[in-house]
There are 2 protein chains.
Amino acid sequence: MPRPLVDLLWRDSPSAPTGGSRGPRARYSTGDVVARAIALADEGGLAAVTVRALAQSLEMTAMSVYTHVNSRDDLLVLMTDHAHARMTPTPFGRAAWRTRVRRVADDNLALLRAHPWLLDVADPRTALGPGTIAKYDHELRAFDGTSIGDIHRDAALTFVLDFVRSSASRIVTRPATGDFGQLWEESVASLARYVGDDFALAQRVGRAAGEAMGGPHDAERAWEYGLDRVISGLDDATGG
Amino acid sequence: MPRPLVDLLWRDSPSAPTGGSRGPRARYSTGDVVARAIALADEGGLAAVTVRALAQSLEMTAMSVYTHVNSRDDLLVLMTDHAHARMTPTPFGRAAWRTRVRRVADDNLALLRAHPWLLDVADPRTALGPGTIAKYDHELRAFDGTSIGDIHRDAALTFVLDFVRSSASRIVTRPATGDFGQLWEESVASLARYVGDDFALAQRVGRAAGEAMGGPHDAERAWEYGLDRVISGLDDATGG
DNA sequence: CACAACATTGTACGTTGTAGACCGTACTGT
DNA sequence: ACAGTACGGTCTACAACGTACAATGTTGTG
């Protein structure tokens, strides 16, 4: 049985337990396994990260994976922390907090674009990893220079990141992509018959939003709109 | 094979296909199955809604479920629409848009509190259901009287609902509940050894936020804080 | 040299969603 | 009244999943 999750997360730390040198040398390090799992997830989503597929990708048996990782859930945490650690944030420089928050948002959107499967990982234990903690530490500094308190600083960052996550899930999973567009066209006929003249407002707004969504630049427009709301909302919470 | 999803969603509509009267009468209606599935989900989460468990709860075989529902994924859509339809929104009355948005947010939080499994349903086809459309139609009216355009009206509502969803997922899944508190106490010792004196800001803010989270009224405080940001952010987007 | 720690493997279990063939029932057209 | 047919329901079975368990082989340490 491998080391506990916290030790695996901090395996590159100098104070990490080395692990006895007895027995055969492992053909792969934990980092290799995690990197391979990320590669699988990047091209096939989290569903492609099965223990067996990962094992085959590493040319070993399914059970050998458990030499390096305690469980699949632990693996997802390790993958997430690795992605967070590899993230190279845009430097804040001397920018004001509004610009800094924009950079945090943009960086996180880029992260979720590169690794859409991060949207499917909802494990609180990710907060235990060095990559996630470093990311947290950096992003908190977006509010340096404002008069915001510690608790509100955490709340404000959470507010921003939640927005990014929600928006990203709508941006990343393209609505017209795949078979949903096809399904939509099959359904819209019978749907129109059911709705009839009811819900006029919903129909009007839904059609407007739907048509705009077909347009080329709408994803960016919606993103900009929401981000403006976020920053505007934080305006009076940062002491001006 | 049952009728397609759209017809099942609108099964109570007068223009819905009645379905030939041949063959034995079904022991349960589609509504019964959906209601039973919701009951299971309410007490055990989505994971408790297995086809077999649902079947046993209805005293039939697993495969009989597929007489009423095309697939488990379809069932989740039906459950969601049912929950949306059963939602009785707080009337807007003559309240200004700020109050209306608060009511929309509060109502949705209450909905997600009552049915936490809704947080785990991420199927775009829910938008096809009468309950969801009626909900959409009503909530769009929160911005009646403002000078907001159609596209922005949709974006603004999405903005509000996204916030509610993110907050709710943090409120509903209690952090100190279950075995996470136990795991935390096991991990915090070795974690402190790893972190050391690095990430001072993250440690300070994290501790402050963590301690506040232990407090009794923090969930509500964080909720109020975020909702204030949301409304403040929408302020200049509604034309005053 | 014997022992212990370790990586690796094969087999197997329980659980999931659901396809396919089949049976009996109740209505429909002749 | 009788055949045809649409339908609800059941049984069996499959592929895929995560992973527990026992066994085998390999390496360093006493």
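Quantities reported herein were computed from a predicted structural model and do not represent experimental measurements. Proteins get letters first, then strands, A, B, ... in listed order; numbering begins at 1 in each. As a basis for the values below, the full set of heavy atoms in this structure was taken, side chains included, without hydrogen atoms, waters or symmetry mates.
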Please give, in whole Å, the distance from [N] [atom2] to [X] [atom1]?
X: M60(B); N: dT18(C); atom1: CE; atom2: C1'; value: 15 Å
X: E59(B); N: dT10(D); atom1: CD; atom2: P; value: 11 Å
X: R25(A); N: dT26(D); atom1: CZ; atom2: C1'; value: 10 Å
X: D74(A); N: dG18(D); atom1: CG; atom2: C1'; value: 13 Å
X: Y66(A); N: dA23(D); atom1: OH; atom2: C1'; value: 19 Å
X: D73(A); N: dT19(D); atom1: CG; atom2: P; value: 7 Å
X: N70(A); N: dA20(D); atom1: CG; atom2: C1'; value: 14 Å
X: D32(B); N: dG9(D); atom1: CG; atom2: P; value: 11 Å

- request: By nearest nucleotide on DNA chain C, pick out whichever of R52(A) and V65(A) is the more 5' one.
  value: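 Final value for this comparison: V65(A).
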query: According to a strict under-4.0 Å criterion, is H68(A) in side-chain N/O contact with OP1 or OP2 of dA7(C)?
result: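 Result: no.
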field: Side-chain N,O (T67(B)) to OP1/OP2 (dG8(D)) below 4.0 Å
entry: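 Answer no for this pair, as no side-chain N or O of T67(B) is under 4.0 Å from OP1 or OP2.
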Among [options], which is the nearest nucleotide to the side chain of [X]?
X: R22(A); options: dA4(C), dT9(C), dC7(D); answer: dA4(C)
X: R72(B); options: dC11(D), dT18(C), dG10(C); answer: dT18(C)
X: T50(A); options: dG24(C), dG18(D), dT9(C); answer: dG18(D)

- prompt: Going by atom types alone, do R11(A) and T30(A) pair a side-chain donor with an acceptor below 3.5 Å?
  reply: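 Their side chains do not contain a donor-acceptor pair, so the 3.5 Å distance test is not met.
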task: Would you please say whether a donor-acceptor pair under 3.5 Å links the side chains of T67(A) and S64(A)?
output: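 On atom types as modelled, these side chains do not qualify, holding no pair under 3.5 Å.
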- prompt: Applying the side-chain hydrogen bond (donor to acceptor under 3.5 Å, both in side chains) test to T132(B), which of D137(B), D81(B), T80(B) qualifies?
  reply: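 Of the listed options, the one satisfying the test is D81(B).
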query: When we call it a touch if two heavy atoms are under 4.0 Å apart, what does S21(B) touch: a base, just sugar-phosphate, or nothing?
result: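 Sugar-phosphate, backbone atoms only, no base.
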query: How would you label the contact of S64(B) with the nucleic acid (heavy atoms, under 4.0 Å): base, sugar-phosphate, or nothing?
result: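 If one applies the 4.0 Å heavy-atom cut-off, S64(B) turns out to touch a base.
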- prompt: Mapping M63(A) and A53(A) to their closest nucleotides on DNA chain D, which lands nearer the 5' end?
  reply: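 In this pair, the answer is A53(A).
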- request: Mind telling me whether W10(A) and Y194(B) have parallel, tilted or perpendicular rings, with 30° and 60° as the class edges?
  value: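 Judged by the thresholds at 30° and 60°, the geometry between Y194(B) and W10(A) is parallel.
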task: Calculate, to the nearest 0.5 Å, the distance between atoms CG and NE2 belonging to L75(A) and H82(A) respectively.
output: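 Result: 11.5 Å between the selected atoms.
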